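Predicted, not measured: the structure shown is a model, and the values here were computed from it. Side chains included, hydrogens not; waters and symmetry mates left out as well; all remaining heavy atoms used.
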Amino acid sequence: MIIRNYNDYLCILKILQMSIELSDQEIQRREKLTRLRDLGINPYPAALYPVTDYSIEIKQDFQEGKEVCIAGRIMSQRDMGKASFAEIQDSKGRIQVYVNRDEICPGEDKTNYNTVFKKLIDLGDFLGIKGTVFKTQVGETSIKVSELTLLSKSLKPLPLPKTDAEGKVHDAFTDPEMRYRQRYADLVVNPQVKEIFMKRTKLFSAMRNFFNDAGYMEVETPILQAIAGGAAARPFMTHHNALDIPLYMRIANELYLKRLIVGGFDGVYEFSKNFRNEGMDRTHNPEFTAMEIYVSYKDYNWMMDFTEQLLEHCAKEVNGTADCTFGEHKISFKAPYKRITMRDSIIEFTGFDIKGKSEDELRAAAKGMGIDVDDTMGKGKLIDEIFGEKCEGNYIQPTFITDYPKEMSPLCKSHREDPELTERFELMVCGKEIANAYSELNDPIDQRERFEEQVRLAEKGDDEANGLIDQDFLRSLEYGMPPTSGLGIGMDRLIMFLTNNPAIQEVLFFPQMRPEKFNEQRGPELTENEKLVFDILAKEQSMDLNNLKEKAGLSNKQWDISIKGLTKHGIAKVQKTNTQLIIEII
RNA sequence: GAUUUGGUAGCUCAGCUGGUAGAGCAAUACACUUUUAAUGUAUGGGUCCUGGGUUCGAGCCCCAGCCAGAUCACCA
């Protein structure tokens with residue numbers, strides 16, 4: 001076909017469009033689909049496949065000659081003429097299979113081996129395997145295949161890390177961006193990633209079982225809230241059309257769980273997806289999971305005992321031991337944990353005693369320690385800054401920090417011995433907070449005053465203080481809430497410690513990422529410059545290159561890009577003669 | 001938000017002072033009936049993140065942007 005105008009070109013390109021966008025290997029795999037169908041093989045069959053066994057279990061419980069039926073992806077293939085070895089990966093691991101031509105093709109027709117298995121099956125395809133268990137000459141447990149079924153064809157090549165004899169991994173799939181964006185591929189090829197998420201699920205069930213055994217009830221509370229309370233953080237805002245009101249995604253579930261204690265439950269807990277519209281980094285994702293539990297007739301001392309029992313139990317369920325490694329640190333979740341008041345901790349690391357000090361004295365002291373302070377900071381905030389700067393990082397082993405200043409804890413009961421303090425603890429591990437608990441404030445009048453104080457702080461410019469008062473929550477307290485202790489645990493943080501991962505993205509299946517830009521389909525459109533060059537050339541069909549360049553009147557760079565574009569699309573071709581360069585339309 | 005490193009074949013990565021874009025694996029073809037990072041031979045495969053600029057000539061230099069990582073700041 002001679003291309004004479006732009007429309008001709010469009011026709012050709014539409015036909016070629018598919019092959020322009022797909023890689024070599026992707027095209028080959030699509031062609032194989034057709035060839036399989038031509039052989040009467042459905043690459044995506046509907047029928048169930050009667051799996052009887054799993055890879056790891058066959059290897060662990062070796063039984064010579066056992067008939068098995070497994071299914072999974074083919075992850076490696078070693079053809080040796082009339083016999084081949086391959087590895088099948090199922091949900092539990094991998095096992096080698098031995099495919100012998102005459103075993104799977106007992107008759108004259110060897111198509112199933114020569115064509116289907118050796119040519120049309122690709123790495124990543126799902127296969128069903130029937131066969132018998134045996135050991136090869138080198139002692140590897142394998143399955144001698146008697147029947148091989150294609151269960152699903154893979155059209156896109158997977159990354160292919162390989163492990164050598166020394167256990168060294170080659171070509172590892174490690175790029176975090178690709179791993180997070182294509183977690184499915186990450187999970188297929190990186191078994192250690194799968195392990196993290198299995199541990200994550202174990203942690204949740206361990207905690208759930210611990211609470212259920214203690215007689216507490218798992219509940220669900222609203223995620224869409226008219227007032228996002230229970231913490232100081234910027235919420236995500238949305239809008240309800242029918243009610244025509246703004247709604248917020250919850251930043252905590254505390255106030256709702258306490259309403260349930262008012263309602264008469266002894267103990268309630270919830271694994272709560274919370275949403276905070278703040279910065280993202282290796283320890284913060286916009287949505288994260290907290291666990292909060294409230295138990296009536298208890299105080300924060302009881303809760304400390306409960307927490308250390310809980311965490312020891314969880315660590316053992318997840319890792320089989322209370323000890324774990326986090327980066328350079330060895331930590332032990334075995335109870336009991338060290339307990340120290342915030343005042344003593346600050347004395348220990350700075351020599352400064354915060355007791356009875358005024359706001360100005362605290363500000364001066366903080367300044368003296370080289371801490372950035374400003375006028376919007378109240379007493380609580382100042383103490384928090386001092387603690388965060390000078391003390392927090394020193395607690396590697398699990399340590400309860402107790403008795404926080406009142407200003408920092410608007411939902412916590414005043415300390416029974418010192419009205420400046422609250423009955424609160426945080427649990428620090430490796431210098432990070434993983435749990436936070438109170439003897440909950442149940443005096444409705446005190447609570448109202450604390451909220452009002454928060455409003456004043458918000459007006460003063462402390463952007464973490466909450467500016468709205470949850471009147472309904474106060475009303476519930478007025479009916480009376482029993483003495484109650486509450487605990488919150490950052491589940492993502494905890495699983496980071498239990499799996500030795502410094503990044504929250506590693507313990508979330510799908511961490512938040514900026515949306516990926518999929519290449520806009522490079523349609524048959526030519527760029528303006530390409531059209532310009534094409535039009536000049538089309539009149540002549542063949543021209544001297546320099547002559548064409550001059551007529552186009554483009555800058556060197558733009559000329560270069562345009563002509564490369566045209567040759568790449570296969571509409572123009574440059575030919576060398578002895579004396580000159582000729583460009584012609586194909 | 002600041003600093004910094006990176007983006008090259010399906011994957012992992014080289015690429016010299018700026019001069020026709022490379023390797024291993026994967027793919028394609030052939031050989032090989034107990035291999036295991038199988039092996040041997042041959043072949044194909046590229047929007048060098050995007051857009052400008054400098055230059056006779058840019059993967060490389062300059063400017064702007066996109067995406068990600070790391071460090072720091074922020075974060076009850």
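Nearest to the side chain of A/Asp281, among B/C67, B/A73, B/U36, sits B/A73. Listed candidates were B/A27, B/U36, B/A68. Nearest to the side chain of A/Lys32 is B/A27. The side chain of A/Ser23 approaches B/G10 more closely than any other nucleotide in the set B/A26, B/G10, B/G24. Nearest nucleotide to the A/Gln96 side chain, out of B/U35, B/U28, B/C13: B/U35. Comparing B/A37, B/U12, B/C32 by their nearest atom to the side chain of A/Phe173 picks out B/U12. In this structure, of B/A37, B/G69, B/U36, it is B/A37 that holds the atom nearest to the side chain of A/Ala165. Comparing atom distances between the A/Asp24 side chain and each of B/G45, B/A37, B/C32 picks out B/G45 as nearest. Side-chain atoms of A/Gln25 lie closest to B/A26 of the nucleotides B/U34, B/A26, B/A73.
In terms of the ring pair (Phe, Tyr, Trp, His ring centres under 6.0 Å) criterion, residue partners of A/Phe400 (sequence neighbours excluded) are, by chain and number, A/Tyr337, A/Phe425.
The distance from atom CG of A/Asn100 to atom C1' of B/U35 is 13 Å, rounded to the nearest whole Å. As a whole-Å value, the separation of A/Asp171 CG from B/A26 C1' is 9 Å. Per the geometry, CD belonging to A/Gln137 stands 14 Å off P belonging to B/U33, to the nearest Å. Rounded to whole angstrom, the span from the CZ atom of A/Arg35 across to the P atom of B/A27 amounts to 14 Å. At whole-Å resolution of the value, CD in A/Glu385 and P in B/A73 are 12 Å apart. Look at CE on A/Met178: it is 9 Å from P on B/A9, rounded to the nearest Å. When the C1' atom of B/A73 is taken as reference, atom CG of A/Asp372 falls 10 Å away, rounded to whole Å. Atom CZ in A/Phe85 sits roughly 13 Å away from atom P in B/A37 (whole-Å rounding).
Across all strands shown, nothing is found opposite B/A14 as a Watson-Crick or G-U wobble partner with both distances under 3.5 Å. In this structure B/C74 sits in no base pair that meets the Watson-Crick or G-U test at under 3.5 Å. Of all nucleotides present, none satisfies the Watson-Crick or G-U wobble test against B/U34 with each distance under 3.5 Å. The partner of B/U41 is B/A29, judged by Watson-Crick or G-U wobble contacts that both fall below 3.5 Å. B/C61 is paired with B/G53 under the criterion used here, namely a Watson-Crick or G-U wobble arrangement in which both key atom distances are under 3.5 Å.
Less than 4.0 Å separates RNA chain B from at least one heavy atom of each of the following residues of residues 421-441 of chain A: A/Glu433.
Residue A/Arg78 places at least one side-chain N or O under 4.0 Å from the OP1 or OP2 atom of B/A38. Here A/Lys144 does not reach the OP1 or OP2 of B/U35: none of its side-chain N or O atoms lies under 4.0 Å away. Side-chain nitrogen and oxygen atoms of A/Lys82 include at least one within less than 4.0 Å of the OP1 or OP2 phosphate oxygen of B/U33.
A gap of 16 Å separates the P atoms of B/C60 and B/U55, to the nearest Å. B/G19 and B/A58: their C1' atoms are spaced 10 Å apart (whole Å). Nucleotides B/U34 and B/A70 place their C1' atoms 48 Å apart, quoted to the nearest Å. For the P atoms, the distance linking B/A26 with B/A38 amounts to 7 Å, nearest Å. With P as the reference atom, B/U35 and B/C11 are 33 Å apart, rounded to whole Å. One P atom belongs to B/U20, the other to B/G57, and the distance between them is 15 Å to the nearest Å. On the P atoms, B/C32 is 50 Å away from B/G69, given to the nearest whole Å. Between B/G59 and B/U50, the distance separating the two C1' atoms is 14 Å to the nearest Å.
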### Message
Applying side-chain contact (heavy atoms from CB on, under 4.5 Å) to A/Asp164 and A/His170, what does each step give before you reach the verdict?
### Response
CA-CA 8 Å; A/Asp164 66 18; A/His170 300 258; 2.8 Å; yes
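Not a single donor-acceptor pair, N or O on each side, falls under 3.5 Å between the base of B/U28 and the side chain of A/Gln28. Judged by distance alone with a 3.5 Å cut-off, no donor-acceptor contact links the side chain of A/Asp175 to the base of B/G69.
More than 12 heavy atoms of other residues, nucleotides or ligands lie within 6.0 Å of CD in A/Glu64, so this atom counts as buried by the packing criterion. Annotation for A/Lys135: atom NZ counts as buried by contact number, over 12 foreign heavy atoms lying within 6.0 Å. No more than 12 heavy-atom neighbours from other residues, nucleotides or ligands sit within 6.0 angstrom of CD on A/Glu420.
Mapping A/Asp102 and A/Lys156 onto RNA chain B by nearest heavy atom places A/Lys156 at the nucleotide closer to the 5' end. If A/Pro161 and A/Arg514 are placed on RNA chain B by their nearest nucleotide, the residue sitting closer to the 5' end is A/Pro161.
A/Arg282 comes within 4.0 angstrom of sugar-phosphate atoms only, judged by non-hydrogen atoms across all strands, and of no base. The residue A/Lys119 sits close only to the backbone: its heavy atoms come under 4.0 Å of sugar-phosphate atoms, none of a base. Nucleic acid contact for A/Val189: none, since no nucleic acid atom lies under 4.0 Å from a heavy atom of the residue. A/Arg181 comes within 4.0 angstrom of sugar-phosphate atoms only, judged by non-hydrogen atoms across all strands, and of no base. Looking at heavy-atom distances under 4.0 Å, A/Phe134 makes contact with a base.
Side-chain atoms of A/Ser154 come within 3.5 Å of backbone atoms of A/Lys156 as a donor-acceptor pair (strictly under, hydrogens ignored). Side chain of A/Lys258 to backbone of A/Gly486: no donor-acceptor contact under 3.5 angstrom is found. Side chain of A/Asp186 to main chain of A/Tyr180: no donor-acceptor pair is present (N/O by atom type, distance under 3.5 Å, no hydrogens or angles).
Taking the six-membered ring where the residue is Trp, A/Tyr98 and A/Phe85 present tilted rings, their angle falling between 30° and 60°.
Note: A/Arg493 CZ to A/Thr283 OG1 = 5.0 Å, rounded to the nearest 0.5 Å.
The shortest non-hydrogen separation linking A/Ile251 to A/Arg276 is O-NH2, 2.9 Å.
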